[in-house]
2 protein chains.
Amino acid sequence: MATSLHAHVVEHLGSRIISGQIPRGSIILAADLEQKLQVSRSVIREAIRVLAQCGLVNSTKRVGIRVLGAESWNPYDDHVIRWRLASDQKGAQLRSLTELRISVEPMAAELAAEFAPEAMRKELMMLSAQMNHYGRQGDLRRFLELDIRFHAVVLAASGNEMFANLSTPIGAILRGRTELGLMPERPHEEALLWHQSVADAISNSDAASARKNMESIMRRTHNEICSLWDGAPRLFVNPAKSSQ
Amino acid sequence: MATSLHAHVVEHLGSRIISGQIPRGSIILAADLEQKLQVSRSVIREAIRVLAQCGLVNSTKRVGIRVLGAESWNPYDDHVIRWRLASDQKGAQLRSLTELRISVEPMAAELAAEFAPEAMRKELMMLSAQMNHYGRQGDLRRFLELDIRFHAVVLAASGNEMFANLSTPIGAILRGRTELGLMPERPHEEALLWHQSVADAISNSDAASARKNMESIMRRTHNEICSLWDGAPRLFVNPAKSSQ
DNA sequence: TGACACCAATCTGTGCAGGCATAAAAATAA
DNA sequence: TTATTTTTATGCCTGCACAGATTGGTGTCA
């Protein structure tokens, strides 16, 4: 995936910082990196710039590149999410994302019912029909892809780009759930009905029903998945001092 | 604010792209930028790398630096949010952020009631008391800062770092609301009570009450502010094709 | 002797200039 | 149409000068 050199360096350092192999407070010297990774300064510097934007490092003169702690990481950065999911913080990352989607998706459904363009309403009807079909057949592989698409379309149909942007990590959650065998061997009948009802409600511009049924989906999804992060510690960040 | 040279270039290009002065699809050549901005290649390259991570540009060989459209921008990036708030998309940005906070804050309050560390529960009690005091006095300036801090602490106390990270842009919303004179000349009595109730509920680990009262705050806040984006078009992003 | 202010040495990121390699578009030939 | 060559802008590398922060030493005064 990492085709360019600097992307490779970003990947190398980022994954190590987030996994804890390079502990917070460490000081890295650009010159050392050049030698260790056998790349030129320009590559190192571009990579450091990217990592700095992710909140992973903080380079200052005369001291070097300081590795920052988890409270500085940008939790919405795609890199950061991916690296955390691949580390032993996987549980905590899944929990954060799930709490976020539980909060957001009912509102997204409500907004979609009000604002979605016609094409998306139609696609949702089609998707829920297919989910019914393949779900009852027990074709989990295909059901999963449809499910991911369904939620992505609802988020996009809300017309809120911040919601829409959550579809990738939410897709990752759904994939992770089936990979870990947390899905029943065939989808629950209720779940199928709720998805159908969400699609119907959005199609009929029934915002209240869209929200209510999406809330039902979220409740069940939470129950199915929350065992994943039993005992993972919560991360309490210091609230940012309000600065004019 | 932009101390280093490359940050200056990021600021220059980023603000222009988001404001539309540099339209989507434009092709920028690094060599031209060097000359126009009178900086060296390394500065340009680092800046471009940062902008690429924001989703604003996409540099490819032989063609140059392509300016991307709004659907590619990372809506959670601090730069992007700031630039959009300073552009004529201010309304749409405020709406997206408000819809997000309306979705998230009730859940944050609920989680805070369950998990918040003692110090944060105490701070919330103190903050709501001070809000009562200065609010009844009509000291809007001080009330605003307390209000911002209150919501930041609730988000942080949820123990969800994705929630906590929203406190900065939410603070920006609250500031914008008072700057634009959308606040009553002294806070509504109900609003003061709801904040007090949220603090009490979190303090007493009463999750349901914390959520309920926060929902009330959100409903009112929405009513007060939604006139800001009357008629601003919603942004429907193409849902990402689910790729393994 | 000891505390403190000030200055110089040093170290490291930042920025500059220019070179070669390479990939992808465009133009040309088959 | 298809294959090949040419063009051209980014990717990558290197040597050099500068800026700013830390450190340590120096001198002054109590």
Side-chain angles (χ1 to χ4, degrees), chain A residues 1-17 22-69 72-74 78-79, chain B residues 1-17 22-69 72-74 78-79:
Chain A
M1 181 182 270
T3 167
S4 53
L5 254 187
H6 75 266
H8 216 266
V9 174
V10 168
E11 203 62 29
H12 179 93
L13 288 176
S15 58
R16 263 152 234 260
I17 290 173
I22 307 179
R24 66 183 299 161
S26 304
I27 300 288
I28 307 177
L29 268 55
D32 294 352
L33 278 180
E34 279 184 54
Q35 206 174 16
K36 190 175 301 181
L37 303 183
Q38 290 293 312
V39 293
S40 72
R41 250 175 313 161
S42 51
V43 171
I44 298 290
R45 292 179 41 174
E46 287 170 40
I48 293 303
R49 206 60 63 198
V50 171
L51 292 172
Q53 210 188 358
C54 298
L56 300 198
V57 301
N58 181 358
S59 96
T60 63
K61 278 184 177 171
R62 181 53 171 77
V63 47
I65 298 153
R66 175 175 288 111
V67 175
L68 302 178
S72 307
W73 302 345
N74 178 357
D78 286 340
H79 292 117
Chain B
M1 182 181 269
T3 167
S4 52
L5 250 188
H6 76 265
H8 215 267
V9 175
V10 167
E11 203 62 29
H12 179 94
L13 290 176
S15 57
R16 263 151 232 260
I17 290 173
I22 307 179
R24 66 184 299 161
S26 304
I27 298 288
I28 307 176
L29 269 55
D32 294 353
L33 278 181
E34 280 183 54
Q35 206 173 18
K36 189 176 304 181
L37 302 183
Q38 290 293 312
V39 293
S40 71
R41 236 184 302 179
S42 51
V43 171
I44 297 290
R45 291 176 51 83
E46 287 172 40
I48 294 303
R49 206 59 62 196
V50 171
L51 292 172
Q53 210 189 356
C54 297
L56 300 198
V57 302
N58 181 357
S59 109
T60 61
K61 274 189 164 176
R62 181 51 172 76
V63 48
I65 298 154
R66 175 175 288 111
V67 175
L68 304 178
S72 307
W73 303 344
N74 177 358
D78 285 341
H79 292 118

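Quick note on labels: first sequence line is chain A, next is B, and so on, each numbered from 1.
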Once you round it to whole Å, what is the distance between [atom2] of [N] and [atom1] of [X]?
{"X": "A/Leu5", "N": "C/dA21", "atom1": "CG", "atom2": "P", "value": "16 Å"}
{"X": "A/Leu29", "N": "C/dC11", "atom1": "CG", "atom2": "C1'", "value": "9 Å"}
{"X": "B/Ile44", "N": "C/dT14", "atom1": "CD1", "atom2": "P", "value": "16 Å"}
{"X": "A/Arg62", "N": "C/dG13", "atom1": "CZ", "atom2": "P", "value": "11 Å"}
{"X": "A/Ile48", "N": "C/dT12", "atom1": "CD1", "atom2": "C1'", "value": "13 Å"}
{"X": "A/Glu46", "N": "D/dC12", "atom1": "CD", "atom2": "C1'", "value": "9 Å"}
{"X": "A/Leu37", "N": "D/dC13", "atom1": "CG", "atom2": "P", "value": "11 Å"}
{"X": "B/Arg45", "N": "C/dG15", "atom1": "CZ", "atom2": "C1'", "value": "14 Å"}

Side chain of [X] - closest among [options]:
{"X": "A/Arg41", "options": "D/dC13, C/dC11, D/dC16", "value": "D/dC16"}
{"X": "B/Ser42", "options": "C/dA23, C/dG15, C/dG13", "value": "C/dG15"}
{"X": "B/Arg49", "options": "C/dT12, D/dG11, C/dG15", "value": "D/dG11"}

A/Gln38 or B/Gly64: which one's nearest nucleotide on DNA chain D is closer to the 5' end? B/Gly64
Would you kindly compare A/Val63 and B/Ser59 by the position of their nearest DNA chain D nucleotide and give the one closer to the 5′ end? B/Ser59
Start with the C-alpha distance between B/Ile17 and B/Val57, add both sets of side-chain angles, then the distance that settles side-chain contact (heavy atoms from CB on, under 4.5 Å), and finish with yes or no. CA-CA 9 Å; B/Ile17 290 173; B/Val57 302; 3.7 Å; yes
Do B/Glu46 side-chain atoms and B/Val43 backbone N/O form a donor-acceptor pair below 3.5 Å? no
Base, sugar-phosphate or nothing for A/Arg66? Non-hydrogen atoms, less than 4.0 Å. nothing
Within the 4.0 Å heavy-atom criterion, would you say B/Ile27 contacts the bases, only the backbone, or no part of the nucleic acid? nothing
For the atom pair [atom1] ([X]) and [atom2] ([Y]), what is the distance rounded to the nearest 0.5 Å?
{"X": "A/Arg41", "Y": "A/Ile48", "atom1": "CZ", "atom2": "CD1", "value": "14.0 Å"}
{"X": "B/Leu33", "Y": "B/Leu13", "atom1": "CG", "atom2": "CG", "value": "5.5 Å"}
{"X": "A/His6", "Y": "A/Leu51", "atom1": "NE2", "atom2": "CG", "value": "10.0 Å"}

Just N and O in the side chain of B/His6: are any of them under 4.0 Å from OP1 or OP2 of C/dT14? no
At less than 4.0 Å, is any side-chain N or O atom of A/Ser40 found next to OP1 or OP2 of D/dC13? Yes or no. yes
